[in-house]
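Okay, structure first, notes after.
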Amino acid sequence: MKTLSAVLFEPHKPVIIEELELQDPKENEVLVKLVGAGICHSDYHYVDGHIKPGNLPLVLGHEGSGIIEKIGSSVKSVFPGDKIIFSMDAMCGFCRNCTNGLPTLCTTYGRTVTMPDGTTRFSKNNTPVYQSNGVGTYSEKTVVPEDTVVKVSDDTPLEKACLIGCAVITGIGSVINRAKVEKGSNVAVFGCGGVGLNVIQGSVFSSASIIIAVDTNEFKLKKAVEMGATHTINPDKNNPVEAIIDITHGGVDYAFEVVGFPKILNQAFKSTSPGGTAVMVGVQPPDTKISVDCFDLLMDRSLIGAYHGTAKPRIDFQWLLDLYKTGRLNLDGLISKQRPLSEVNEAFEDMNAGKVARSILNFD
Ligand code: ZN
Ligand code: ZN
């Protein structure tokens, strides 16, 4: 079959909307018709070269939701017509990490741009086209392993719920699943884009007392307050480490880095109090390193990573949806703009200009 998809052929060039050939799902795969897809920095990082995509050309997009259209012969967990949210990490359910409660670190699938056997279902003139995170949501349709999709209830508003697969779970999960922020904690969040705003929401759910938002963009700081931040710092105006230590009389219990730069991760670490924890959520450029003062570390400080909110998507997506349906998770406030697939480059421009919390591609 044919599908229109947003394809990256070369870094530093605009993404091109191409008509691609899409194969039918194989035995344990599903064909999904997209409803919504979030514009995430991680995909733009392939465009601007912050991350090397590995294989090109690439159908972008790892955050999305849709409706199952067709299933392979051995698929058992979903049927045509079911609503799903993409996990962005396929979960085999049997490897050591899956069994141990860390399915987003599944070793059967890994984080590749192909199916586990190295093939891809998209092609153009018989040349393979790869899929971002093995998903490829900037596309009218995609084929993914059954293990990538999480079935959700029929009353799920998919055009909004697409954000749960990356921005929401990565932010809230890093607070609740990974750092396990305790009630009354002080928290600082460096970077208030789609993920950072959800670190703030997660901190509210954890009953953090002080939540300090750090960003150079005033629009994002305003959003941060809407999501529950109690204080804001613009590093263009104030040294964030000094300001955080000042507000909290000695540093925060938890500092989250949600931008993806070693310099900012260092600031996050330095803004923790003795006994505090710095959490790296942002995707750093490959081969970068940070160094910390050993005496600072000795004072019971921790520096930890949090990948994809340390999520159990089949469980976490359900309670996040319940929080939304009962009015406690703010998804609507995260969505600044909706655009058709054909405006994917403009959506990236809005994100880079800091004009939006999150943009969503809508598929009618
Ligand atoms: Zn993402
Ligand atoms: Zn696994």
Side-chain angles (χ1 to χ4, degrees), residues 6 8 15 28 34 36-48 50-51 53 58-65 77 85-113 115-117 131-139 142 144-150 161-174 191-199 256-260 280-284 305-317 320 331 334-335 344 347-348 351-352 356-361:
L8 177 71
V15 174
N28 60 348
L34 269 288
I39 296 288
C40 178
H41 252 112
S42 303
D43 275 291
Y44 188 73
H45 282 337
Y46 295 129
V47 183
D48 73 1
H50 186 87
I51 309 172
L58 182 72
V59 175
L60 292 177
H62 58 275
E63 181 180 276
S65 59
S77 65
I85 298 176
F86 294 94
S87 152
M88 122 186 177
D89 291 299
M91 309 157 283
C92 78
F94 297 102
C95 72
R96 189 171 187 276
N97 285 344
C98 279
T99 314
N100 223 0
L102 296 168
T104 53
L105 300 177
C106 174
T107 52
T108 302
Y109 287 98
R111 277 142 295 285
T112 68
V113 291
M115 297 294 178
D117 64 1
Q131 298 171 240
S132 178
N133 276 66
V135 185
T137 56
Y138 299 172
S139 179
T142 187
V144 296
E146 173 186 15
D147 295 339
T148 306
V149 300
V150 175
C162 57
L163 292 184
I164 285 177
C166 176
V168 173
I169 186 60
T170 301
I172 294 178
S174 68
C192 301
V195 177
L197 292 173
N198 282 294
V199 172
F256 292 85
E257 199 276 353
V258 202
V259 185
M280 188 187 83
V281 182
V283 180
Q284 312 281 325
Y307 174 72
H308 198 181
T310 316
K312 296 180 182 71
R314 293 191 194 288
I315 293 169
D316 293 343
F317 289 7
L320 287 167
L331 284 181
L334 294 170
I335 302 167
V344 61
F348 280 140
M351 181 181 68
N352 292 329
V356 289
R358 204 69 156 181
S359 292
I360 284 183
L361 299 178

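Atoms within a ligand are numbered from 1 in the order they appear, just like the ligands themselves.
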**Prompt:** So which pairs with a foot in residues 97-107 pass side-chain hydrogen bond (donor to acceptor under 3.5 Å, both in side chains), sequence neighbours left out?
**Reply:** none
**Request:** Identify the heavy atoms of S132 and D43 that sit nearest to each other, and give their distance.
**Result:** OG-OD1, 2.9 Å
**Request:** Please work out whether the ring planes of H45 and H41 are parallel, tilted or perpendicular, with thresholds of 30° and 60°.
**Result:** tilted
**Fill in**
The reported gap from CG in N352 to OH in Y44 (rounded to nearest 0.5 angstrom) is 4.5 Å
**Item:** Name of the residue among I39, V15, L34 meeting side chain to side chain contact (heavy atoms under 4.5 Å, CB included) with Y138
**Value:** I39
**Message:** Show the nearest heavy-atom pair for residues I360 and G36, with the distance to one decimal.
**Reply:** CG2-CA, 4.5 Å
**Under-2.8 Å neighbours of the Zn ion (ligand 2), protein N/O/S atoms only** = 4
**Request:** Would you list the protein N, O or S atoms within less than 2.8 Å of the Zn ion (ligand 1), leaving out water?
**Result:** C40 SG, H62 NE2, C166 SG
**Message:** Looking at every heavy atom in both K312 and P103, which two are closest together, and how far apart are they?
**Reply:** CA-CG, 3.8 Å
**Prompt:** By ring pair (Phe, Tyr, Trp, His ring centres under 6.0 Å), which residues pair with Y307, not counting sequence neighbours?
**Reply:** none
**Asked** For Y109 and P116, which heavy atoms make the closest approach, and how far apart are they?
**Response** CE2-CG, 3.3 Å
